[in-house]
Amino acid sequence: MLEIHRASVFYPGREGTDAVEALRNIDLEIGPGEFVVALGASGCGKSTLMNLIAGFLAPSFGQLRLDGAPITGPGRDRAVVFQKHALMPWLNVIDNLAFGLKLQGVGREERYGVARRFLTLLGLEEFETSPVYMLSGGMQQRVGIGRALTADPRILLMDEPLGALDALTRERAQELILHIWQSQNKSVFLITHSVEEALFMGTKLIVMSPRPGRITHRFDLPFSRRFLAGQTAREVKASPDFIEMRETVLRIIFADEEQAA
Ligand SMILES: Nc1ncnc2c1ncn2[C@@H]1O[C@H](COP(=O)(O)OP(=O)(O)OP(=O)(O)O)[C@@H](O)[C@H]1O
Ligand SMILES: [Mg+2]
């Protein structure tokens, strides 16, 4: 479905300095229903890669295609959730959820119908008319994810969406995203700094290394499916093969860091 072929990105250097090679020769496919997670040290180009997929940025070399057609800019088929939610603080929860649809010119009845569906899915019914500034960070992030989903994108792009949450809220949010992923049948591209989160959520993991940003390792992951098949998050994360994989990935990341230092 989404194909990235030998994509490279150079950012112009500041006056007199060389261009920054942020990504080099990225090859990646995201198929229907796939959950791809990107992990890597700060500055390895994760957000740059997401911005390519979102169409906010064009590659310096290489191609990105969605269903065979070149990506030339942002589109409704791809929705983005940023680390800092971009909610409208003066609107209440339901109006935030309906906001994107309003911009698209969707009629009042239809957009509130869609918004209410997501309100229920996110477990925020009680807060329908609460102003978003009164919600906790975790709830605000849920509203942000819901708003991205109201446009019914094919691919949900998330850049460190849960980074600011405490451990318990974060695990609850991971579970919620997995349930949404399953029930809405979306493809997901998620960026995280947490190895545990990456392993728990993804069906595919890419590990990136900096200067220039490349994909150095790829893994297929079984863990999110175990959770969706009925194991608890704690059971999944405490299982021996999960722990072994976690240590493998941590070793890779620390080795990369030492090489870069
Ligand atoms: N607009 C820009 N102009 C110049 N250089 C940039 C620009 N955006 C990013 N870079 C550089 O490109 C590299 C990759 O940046 P990017 O933001 O994609 O990394 P990242 O993996 O998302 O990092 P983090 O984990 O800190 O969010 C970095 O060296 C960064 O300094
Ligand atoms: Mg980033």
Side-chain angles (χ1 to χ4, degrees), residues 1 30 32-35 50 53-55 66 74-166 168-192 197 200-201 224-225 227-230 232-233:
M1 182 171 91
I30 304 180
E34 233 169 15
F35 199 128
M50 196 191 82
I53 300 172
L66 192 58
R76 279 180 59 184
D77 42 20
R78 288 150 288 143
V80 181
V81 180
F82 295 101
Q83 171 168 17
K84 273 215 71 168
H85 57 80
L87 300 175
M88 310 297 146
W90 61 92
L91 296 178
N92 65 28
V93 169
I94 193 81
D95 288 331
N96 264 284
L97 288 171
F99 188 78
L101 295 173
K102 185 174 182 180
L103 289 184
Q104 286 165 25
V106 175
R108 189 183 168 82
E109 204 166 320
E110 190 187 338
R111 65 177 192 263
Y112 283 101
V114 173
R116 282 217 174 74
R117 257 196 20 246
F118 283 101
L119 197 69
T120 309
L121 192 68
L122 299 163
L124 291 171
E125 294 101 320
E126 276 178 70
F127 301 97
E128 175 168 341
T129 56
S130 306
V132 288
Y133 64 78
M134 290 178 72
L135 304 183
S136 71
M139 288 183 206
Q140 291 179 352
Q141 204 50 298
R142 267 140 75 190
V143 177
I145 292 167
R147 200 184 55 187
L149 287 166
T150 54
D152 197 23
R154 299 187 50 203
I155 308 184
L156 187 60
L157 305 168
M158 296 190 276
D159 195 346
E160 274 284 302
L162 310 181
L165 305 181
D166 68 87
L168 176 68
T169 310
R170 187 164 183 162
E171 189 156 290
R172 288 290 104 79
Q174 291 169 357
E175 296 178 358
L176 178 73
I177 292 171
L178 287 181
H179 285 304
I180 289 174
W181 168 59
Q182 184 185 41
S183 68
Q184 305 287 303
N185 201 18
K186 303 288 177 209
S187 300
V188 177
F189 179 78
L190 172 86
I191 294 169
T192 179
E197 182 165 285
F200 179 62
M201 301 192 74
S224 53
R225 296 210 179 84
F227 168 74
L228 291 170
T232 66

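If you're wondering where the values come from, they're calculated on a predicted model, not measured in any experiment.
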Is any side-chain heavy atom of [Y] closer than 4.5 Å to one of [X]?
| X | Y | result |
| --- | --- | --- |
| Val93 | Val132 | yes |
| Met88 | Arg147 | yes |
| Arg154 | Arg78 | no |
| Leu162 | Ile177 | yes |
| Leu176 | Leu122 | yes |
| Leu157 | Val81 | no |
| Leu124 | Val143 | yes |

Q: Using the side chain to side chain contact (heavy atoms under 4.5 Å, CB included) rule, take Met158 and Phe189 through it: C-alpha gap first, then chi angles, then the decisive distance, then the call.
A: CA-CA 6 Å; Met158 296 190 276; Phe189 179 78; over 6 Å; no
Do NZ/NE/NH1/NH2 and the carboxylate oxygens of Arg116 and Glu128 come within less than 4.0 Å?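 Answer for the salt bridge query: yes.
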*CE (Met134) with more than 12 external heavy atoms under 6.0 Å*: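 Incorrect, the count does not exceed 12.
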- Ring geometry between His179 and Phe227 (parallel below 30°, tilted from 30 to 60°, perpendicular above 60°):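 Phe227 and His179: tilted rings.
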### Message
Does Ile155 form a side chain to side chain contact (heavy atoms under 4.5 Å, CB included) with Met1? I'd like the steps, not just the answer.
### Response
CA-CA 10 Å; Ile155 308 184; Met1 182 171 91; 3.7 Å; yes
Nearest 0.5 Å, please: how far is CZ in Phe35 from OG in Ser187?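 Between Ser187 OG and Phe35 CZ, I get 10.5 Å after rounding to 0.5 Å.
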Got a second to check how far Ile53's CD1 is from Leu66's CG, nearest 0.5 Å?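 Nearest 0.5 Å value for the CD1-CG distance: 10.0 Å.
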Do we see a donor-acceptor contact under 3.5 Å between the side chains of [X] and [Y]?
| X | Y | answer |
| --- | --- | --- |
| Glu197 | Thr192 | yes |
| Asp95 | Tyr112 | yes |
| Gln104 | Arg111 | no |

For the pair [X] (side chain) and [Y] (backbone), establish whether a donor and an acceptor sit closer than 3.5 Å, ignoring hydrogens and angles.
| X | Y | result |
| --- | --- | --- |
| Gln141 | Pro161 | yes |
| Gln140 | Leu135 | yes |
| Trp181 | Lys186 | yes |

